[in-house]
Amino acid sequence: QVQLVESGGGLVQPGGSLRLSCAASGTIFSINDMGWYRQAPGKQRDLVARITSGDSSNYADSVKGRFTISRDSAKNTVYLQMDSLKAEDTAVYLCYAQIVHAFRRNPYAYWGQGTQVTVSS
């Protein structure tokens, strides 16, 4: 079994910055993609950013140029550096990881518990 633990959320003023972290632990053989989704009240869950095991990254158009995703494979951890935050970035941010176990070949997606990011003056 795998657990994803997130940290770094909180309250920040518009234009400010936050850095989210998500560490995976458990029976992990390898991790393929890792990334972040977000969901605001009354809205669907949308992909914010993803990063592959080869460090290739993709971003939602709404966060390009402001957010940066990175990972530390040795620590099974993914980060999301959020700069120039806007009110519309307010949401619950959820970490995910596509994890390969030693006992199964196909990756399985795991999710963190979610961390609240609130951008308000």
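Nearest heavy-atom pair, Gly8 versus Leu18, reported as atom, atom and distance to 0.1 Å: O-CD2, 3.7 Å. Closest approach of Val2 and Leu4 over heavy atoms only: CG1-CD1, 3.5 Å. When all heavy atoms of Ala49 and Leu80 are compared, the closest pair comes out as CB-CD1, 4.2 Å. Smallest separation of non-hydrogen atoms from Gln113 and Val5: OE1-CA, 4.1 Å. Contact detail for Asp89 and Arg66: the closest heavy-atom pair is OD2-NH1, 2.7 Å. Here the closest heavy-atom approach between residue Phe29 and residue Ala102 is recorded as CB-N, 3.5 Å.
Between Leu94 and Arg45, the closest side-chain pair of non-hydrogen atoms falls below 4.5 Å. Contact of the Phe67 side chain with the Leu85 side chain is registered, since non-hydrogen atoms from C-beta on lie closer than 4.5 Å. A heavy-atom distance below 4.5 Å is not found between the side chains of Val119 and Lys86. No side-chain heavy atom of Val12 sits less than 4.5 Å from a side-chain heavy atom of Met82. Side-chain contact between Ser120 and Thr90: absent, with no pair of heavy atoms (C-beta onward) separated by less than 4.5 Å.
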Side-chain donor-acceptor distances from residues 56-65 under 3.5 Å, at least two apart:
| residue | atom | partner | partner atom | Å |
| --- | --- | --- | --- | --- |
| Tyr59 | OH | Ile69 | N | 2.8 |
| Asp61 | OD1 | Lys64 | NZ | 3.2 |
| Ser62 | OG | Arg38 | NH2 | 3.3 |

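Put simply, CD1 on Ile31 and CD1 on Ile99 are 4.5 Å apart, with the number rounded to the nearest 0.5 Å. Atom CE of Met34 sits about 13.5 Å away from atom CZ of Arg50, to the nearest 0.5 Å. Taken to the nearest 0.5 Å, the CG atom of Asn76 stands 8.0 Å off from the CZ atom of Arg71. Here the straight-line distance linking atom OG of Ser21 with atom CD of Gln81 works out to 9.5 Å at 0.5 Å rounding.
In summary, the side chains of Asn32 and Ser53 do not present any donor paired with an acceptor at a separation below 3.5 Å, with no hydrogens or angles considered.
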- Could you walk me through whether Leu20 and Val117 pass the side-chain contact (heavy atoms from CB on, under 4.5 Å) check? CA-CA 9 Å; Leu20 306 183; Val117 171; 4.1 Å; yes
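Glu6 contributes no side-chain N or O that, together with a main-chain N or O of Cys22, makes up a donor-acceptor pair within less than 3.5 Å.
Pairs engaging residues 78-107 under the ring-ring contact (aromatic ring centres under 6.0 Å, His included) rule: Tyr37-Tyr96, Tyr96-Trp111, His101-Phe103, His101-Tyr110 [sequence neighbours left out].
Within a 6.0 Å radius of CD in Glu88, more than 12 heavy atoms belonging to other residues, nucleotides or ligands are found.
Among residues two or more places apart in sequence or in another chain, the side-chain contact (heavy atoms from CB on, under 4.5 Å) test is passed with Ser121 by Pro14.
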